[in-house]
Amino acid sequence: METIGQSVPKKESPDKVSGAAMYTADRIEARMLHARYVISPYAHARIAGVDAAEASRMPGVRAIVTGQDSDVLTGEELRDRPVIARDRVRYQGEIVAVVVADTEAQAKGAADAVRVRYEPLPVVHSPAAALRPDAPILHERLGEYVRGAGVIPIPGTNVASVIRIAKGDMEQGWAESEIVVDNRVTFGPSDHAAMETRSAICEIRPDGHIVIESSTQVPFAVKKYIASYFGIDSGFIIVKTPFVGGAYGGKTAIHLEPIAYLASRAVGGRKVKLVNTREEDMVTSPGRIGLDAVVRLGSTRDGRIQAAQILYHFDGGAYNDKSSDVARAAAADCSGPYAIRNLHCECLTVYTNHTFPAAFRGYGHSELTMAMERAIDKLADTLGMDPWDVRMINSIKPGDIAPTRDRLTRSNLGDIQTCLRRLKELSDWESSFSRVDDYKVRATGISCFWKNSSIDSDAGSGAILLFNPDGSVNLETGVVEIGTGTKTVLAQMVAERFGMSVDRVHVKFAVNTLDTPEHWKTVASRGTFMAGRAALKAADDAIRQLKDIAAAVLKVVPEDLAIGGEKVFLRDDPSLSIPVKDICYGYKYPNGHAIGGQIIGRGVYIQRRIEPLNPLTGEGTPGPEWGVGAQAVEIELDLRDCSYRLLRSISVIDAGRVLNLKGALGQVMGASAMGLSYASREAFYYNADGQVLDPTLRDYTLMRYGENPAYTVEFIENPCLEAPFGARALGEHGLIGMPAALASAVSRAAGVRLNVLPLFPETVWRARNGGEGTS
Amino acid sequence: MRLEWRINGEGRSADIRPADLLLDVLRESFGLTGAKPGCRNGDCGACTVMANGLPMKSCLMLAVEAAGQDIVTIEGLANAPAQRAFIEMFAFQCGYCTPGFILNVHALSLAHPQADEATVRSWLQSNICRCTSYEEIREAVYSVLGSARGTIDATNG
C-alpha cells in the first residue's frame with residue numbers, strides 16, 4: 001500500500017464544510033464574561049491618567065484592568081512589553097485598559113467611557129528615523145531588560161538587537177571584483193489578515209489550574225511563558241487550541257493570553273472571553289515586519305559574485321516579540337541560494353512606533369530575497385547578462401559553505417540548479433518580454449530562494465498512537481491544525497508504516513497541553529519533519545509491541561514477523577498470521593488467560609546538532625535543511641496608467657519527497673497568492689502622527705477571487721535524509737520568491753528599476769515619471 | 001424583544017436586542033457557529049448565509065430584518081454539491097472562510113446554474129480566502145455549476 005504521495009483529502013474536511021469545525025471564538029457559554037479593550041489612538045504618548053470611575057459604574061461591568069494591575073514584562077527574545085501599557089504607549093492600538101462585563105456590548109460601552117489622558121510624544125516613523133542621533137529613545141531601560149542569548153541590544157539607542165555575518169575576506173572579495181553594484185529596497189509593515197481574528201478565553205479553576213483556550217500556533221509556548229511571566233508552576237497551566245482559522249506566523253505571538261489571564265484574575269477566576277475585532281487584529285496585534293536594506297555586490301565581468309556586503313534595518317516596531325529573531329533568520333540566509341565566499345551582513349532590529357511584528361510566513365526570507373534578488377537583477381543589467389545566467393552561475397551546490405559556515409550536502413541542501421533549469425522551460429524564458437500592442441507589455445521576472453528554519457536547538461515533538469478494539473489507531477500530536485493539512489500528512493505517514501489504510505488512522509485535532517505530547521511550536525514548516533519523526537517512532541514502538549504479542553501467540557520469534565493489511569504475519573509464510581484487532585488490546589487465549597494489553601505507541605523527536613548563531617560572526621547551525629526553489633511571475637502592464645494583470649505564477653520547488661500532492665500544491669499556490677497579494681497591494685499607511693489609515697479589510701485590500709494569476713507548480717524530489725520519507729519543508733516556501741519575481745517582472749515591463757513594495761500602479765507610474773520607487 | 005425566524009427549515013425564536021446582528025443571534029442564541037465573524041463590516045464574507053435563497057452577509061443584516069425570511073446556514077446543508085466539491089478540489093485549508101464561500105457558491109448554483117465567468121467573478125469577489133490561491137475554489141465552483149444542474153434536473157424529474 002502506498003499512501004505517501006497520495007492526495008488524501010484533509011481528514012477534517014467533513015467538519016470544515018459543514019460548520020462543525022470549532023474555532024476558539026465558537027465557544028459560547030452563558031456563564032462566560034466578555035472583555036473589550038481600551039486602545040491608544042496615539043502612536044507615542046505618555047499616559048497621564050486613566051479614569052475608569054464612570055465606566056466601572058456602568059451596567060454589567062465586573063472589572064476594569066489597567067497597566068497598574070501588573071508590572072510583568074513579556075517577550076520571548078527580549079522582555080520589553082507590558083501586558084497592558086503602564087505609563088506610556090508606543091504604538092497606535094496598544095492596549096491601555098481592559099473592561100470585563102457580562103456581555104460584549106456592555107464591555108464595549110464601558111470601554112468607550114474610560115477616560116485616558118495622554119501627553120503625545122514625538123513619533124518615530126521608520127528605522128532610518130529611529131537611527132538618527134536626535135531620535136526619541138523608545139526604550140530607555142533597554143539595557144535592563146531580560147533577554148535571550150543572541151539578542152544584542154545597544155542601550156541608549158533604538159537598536160533592539162544587532163547580528164553580524166562575517167565570512168571570508170571582504171578586502172580580497174572587492175579586489176577580485178571588476179563590477180560593483182549597490183541596490184536599496186524598502187518596504188513597510190503589512191498584516192497577516194487571517195480570516196479568524198485572534199481570540200483567547202481564560203479561567204482560573206478552584207483547584208488553581210489556569211485554563212486558557214486560544215487561537216494560537218504555540219499552545220506549549222503559551223504554557224511555558226505564562227508560567228515564567230507570572231511565576232506559576234507550568235503544571236498548573238492548561239492551554240487548549242482547537243482549529244485555527246489561518247495563522248501564517250501571526251499567531252505565534254503570545255499576546256492575548258496574558259491579557260485574558262489578568263482579566264480572569266480580576267474577576268475571581270471566572271471565565272473571560274476576548275476576541276479581537278478586525279481593526280484590533282490589524283493594529284493592536286502584530287503584523288509583518290518592514291525592512292530597509294542595502295545590498296552591495298562585487299562581481300567579475302563574467303558574472304561571478306566575489307563579495308556581498310548586506311545591510312538590513314528591520315522595522316522592529318514598538319516591542320521586540322520575534323522581530324530580532326526574524327532578523328537573525330534573514331541574516332543566517334542573507335546570501336540567498338548563492339555561493340558567495342566573501343560575505344558581510346550587518347543586521348539591525350530597530351524600534352519604531354509601529355505595531356510590533358510577529359513571525360510572518362517566510363520568517364524574514366521573502367524580505368531578504370527581495371533585497372538580494374533585486375540586487376542580482378541590477379548586477380545582470382549592469383553586466384549586460386541574462387539574469388537567469390547570473391543566478392545559475394552563482395547558484396549554491398553541495399560542498400559549498402553557507403553563511404553560517406555549515407558545509408552543504410546533497411541532503412541538507414535542495415537542488416537549485418534543477419529548479420532553475422526547469423523554471424526556464426516552464427516560463428518560456430527566451431520570450432520573457434513582449435509587446436502586446438501599442439500600450440501593453442508582457443514581462444516575466446524570476447527569483448530564486450532558499451530557507452532553513454531557525455528554531456530552538458532543543459525544539460522537539462512527540463506523538464502517541466492508541467489502538468482501538470477494531471484494529472484502527474488514534475494519532476495524537478501537538479501540531480496545531482492551522483490549515484496546512486499537517487495532521488492528515490502525519491496520518492499518511494503512520495498508515496504507510498503500518499501498511500494500513502489512512503481511513504483507519506483517526507486523528508485528534510484539538511491540542512490540550514494537559515494530555516497532548518508537546519510539539520514545540522507549529523511554525524517554521526517543521527510540522528511534518530519533527531512530528532513526522534515522532535509519529536514514525538511511535539509507529540515503530542507500536543509495531544514492536546504488536547510483534548511481541550503475535551510472536552507469543554504464533555510461537556515464532558518477533559524478528560520473523562511483518563505487519564501489513566492490519567495483520568501481523570510470518571514474513572516467509574504470510575498464511576501464518578493474526579489480525580491486529582485480535583492483539584491490539586492484548587490477546588486472550590481460549591482458556592481465558594490474557595497477555596499484553598492496549599497497544600500504546602510513543603515517539604519523541606528532538607532536533608539534532610542545531611547550534612545558535614554567534615551574533616558576531618553568524619557561525620552556527622540554524623536548522624536541519626535548506627529548502628530551495630525558483631519562481632517566476634508573468635504580468636501584462638498597461639503603459640498608460642501602469643495598471644497590470646498577474647498572468648502566470650510559476651514555482652519549481654525541491655520538495656524532497658511529496659507527501660500529499662494536492663496538499664503540497666495547495667501550500668505552494670496559497671503561499672504564492674499571499675506573496676503576490678502583499679507585494680502588489682498590501683501595506684499599512686500611516687499619517688504624520690503614526691496612525692494607521694487602513695485598518696479594515698475595506699481599505700487594506702487583499703487579493704480576491706479572479707485577481708489571481710494562473711499557477712504552475714512543479715516539484716523535484718531530492719530527498720533530505722534526516723526527514724521523514726525525505727520530505728523537505730514546504731509550507732512557507734511558495735511565498736518567498738514572489739515579491740522579488742513580481743518586482744522584477746513589473747520593472748522589466750515598465751522599464752524602471754522598482755525597489756519598493758507594494759507595487760501599486762500608482763507606485764509604478766510615479767517611478768516611470770522619476771519619482772520614488774526607483775533605486 | 002422576542003422574534004421568530006425560519007432557520008434551516010425550522011421555526012426558531014429568541015429574545016434579542018433590536019441592535020443585534022443576524023450573525024450574533026445565529027451564533028449566540030442558536031449555536032450556529034458555522035457563520036463566522038471575520039470583519040463585521042461586510043468586507044470578508046465569512047459570515048455569509050442564505051436569506052430567501054440569496055447569499056447575505058449576516059453581519060450586515062439586523063436580526064430584526066431577517067425575521068420572517070427563510071435563512072439557511074452551513075449547518076442547513078447536508079452533502080450539497082458545493083460541500084463535496086470543496087473537499088474534492090482542496091478548496092479550503094484553515095476552513096474559516098469555507099462556510100461563507102460554500103453558501104455563496106450554493107446560492108449561485110441555484111440562482112445561475114449556467115453562470116458565466118463574469119457572474120461567477122462578481123459573486124465570488126464578495127468573500128476572501130487567505131489560505132488558498134482561489135484556483136482551487138474556481139475549480140470547485142465550476143464543478144458545482146455542472147453538478148448542480150444535474151441535481152435540479154433529478155429533483156424535477
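Here is how names work: the chains are called A, B, and so on, in the same order as the sequence lines, proteins then strands, and each is numbered from 1.
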> Of the backbone (N, CA, C, O) and the side chain (C-beta and beyond), which part of A:Glu481 lies under 4.5 Å from a heavy atom of chain B, both, or neither?
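Interface part for A:Glu481: neither.
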> What distance separates B:Ser133 OG from A:Met674 CE, expressed to the nearest 0.5 Å?
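Here the interatomic distance stands at 12.5 Å.
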> Distance check, rounded to the nearest 0.5 Å: B:Cys129 atom SG versus A:Asn708 atom CG?
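CG of A:Asn708 is found 10.5 Å from SG of B:Cys129.
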> Given the rule in the side chain to side chain contact (heavy atoms under 4.5 Å, CB included) test, do A:Ile28 and B:Thr33 qualify, once you have shown the distances and angles that lead to the verdict?
CA-CA 9 Å; A:Ile28 289 158; B:Thr33 53; 3.7 Å; yes
> In terms of heavy-atom pairs under 4.5 Å, which option from B:Gly34, B:Gly95, B:Ser126 contacts chain A the most?
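So the answer, after comparing B:Gly34, B:Gly95, B:Ser126, is B:Gly95.
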> Enter the distance from B:Tyr96:OH to A:Asp26:CG here, rounded to the nearest 0.5 Å.
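Going from the OH atom of B:Tyr96 to the CG atom of A:Asp26 covers 6.5 Å.
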> Using heavy-atom distances under 4.5 Å, tell me whether A:Ala21 contacts chain B through its side chain, its backbone, both, or neither.
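Answer is backbone: N, CA, C or O of A:Ala21 sit under 4.5 Å from chain B.
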> How long is the gap from OH on A:Tyr705 to CD on B:Gln125, to the nearest 0.5 Å?
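Interatomic distance, A:Tyr705 OH to B:Gln125 CD, rounded to 0.5 Å: 9.5 Å.
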> Tell me, side chain or backbone of B:Asn79 under 4.5 Å from chain A's heavy atoms, or both, or neither?
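Interface part for B:Asn79: neither.
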> Does any heavy atom of chain B fall under 4.5 Å from the side chain of A:Asp699, the backbone, both, or neither of them?
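A:Asp699 has no heavy atom closer than 4.5 Å to chain B.
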> So, does B:Arg138 use its side chain to make a donor-acceptor pair with the main chain of A:Gly706 at under 3.5 Å?
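Checked: no pair found.
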> Got a second to check how far A:Thr197's OG1 is from B:Lys36's NZ, nearest 0.5 Å?
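With rounding to 0.5 Å, OG1 (A:Thr197) is 11.5 Å from NZ (B:Lys36).
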> Measure A:Ser677 against the heavy atoms of chain B and call it side chain, backbone, both or neither at under 4.5 Å.
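The side chain, not the backbone.
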> A:Ala20 versus chain B, heavy atoms under 4.5 Å apart: side chain, backbone, both or neither?
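Looking at A:Ala20, nothing touches chain B.
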> Taking the side chain as every heavy atom from C-beta outward, state whether B:Gln93 and A:Gln667 have any atom pair closer than 4.5 Å.
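Yes, side chains in contact.
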> List the steps, then state whether side chain to side chain contact (heavy atoms under 4.5 Å, CB included) holds for B:Cys94 with A:Glu196.
CA-CA 9 Å; B:Cys94 81; A:Glu196 179 207 27; over 6 Å; no
> To the nearest 0.5 Å, what is the distance between SG on B:Cys131 and CE on A:Met669?
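One finds 13.0 Å between SG of B:Cys131 and CE of A:Met669.
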> Please state whether the side chain, the backbone, both or neither of A:Val8 comes within less than 4.5 Å of a heavy atom of chain B.
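Backbone only.
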> Return yes if some donor-acceptor pair links the side-chain N/O of B:Gln83 with the main-chain N/O of A:Val17 below 3.5 Å, else return no.
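Judged by distance alone, yes, a pair lies under 3.5 Å.
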> Should B:Arg130 and A:Glu682 count as an ion pair when the cut-off is N to O under 4.0 Å?
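Judged by the 4.0 Å cut-off on N to carboxylate O distance, B:Arg130 and A:Glu682 do form a salt bridge.
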> Tell me whether the NZ or CZ atom of A:Lys10 lies within the 45° cone about the ring axis of B:Phe92 and under 6.0 Å from its centre.
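Judged by the rule, A:Lys10 and B:Phe92 form a cation-pi pair.
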> Can you check whether A:Pro9 reaches B:Glu88 side chain to side chain, under 4.5 Å on heavy atoms?
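They are not in contact (no side-chain heavy atoms under 4.5 Å apart), so the answer is no.
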> Regarding B:Asp43 and A:Arg278, does a basic nitrogen lie under 4.0 Å from an acidic carboxylate oxygen?
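Here B:Asp43 does not pair with A:Arg278 in a salt bridge, since their nearest N and O are not under 4.0 Å apart.
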> Against chain A, label B:Leu77 side chain, backbone, both or neither, depending on which of its atoms sit under 4.5 Å from a heavy atom there.
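For B:Leu77, there is no contact with chain A at all, as no heavy atom is under 4.5 Å.
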> Go through the steps to decide whether B:Arg40 and A:Thr277 satisfy the test side chain to side chain contact (heavy atoms under 4.5 Å, CB included), and finish with yes or no.
CA-CA 8 Å; B:Arg40 296 179 180 275; A:Thr277 64; 5.9 Å; no
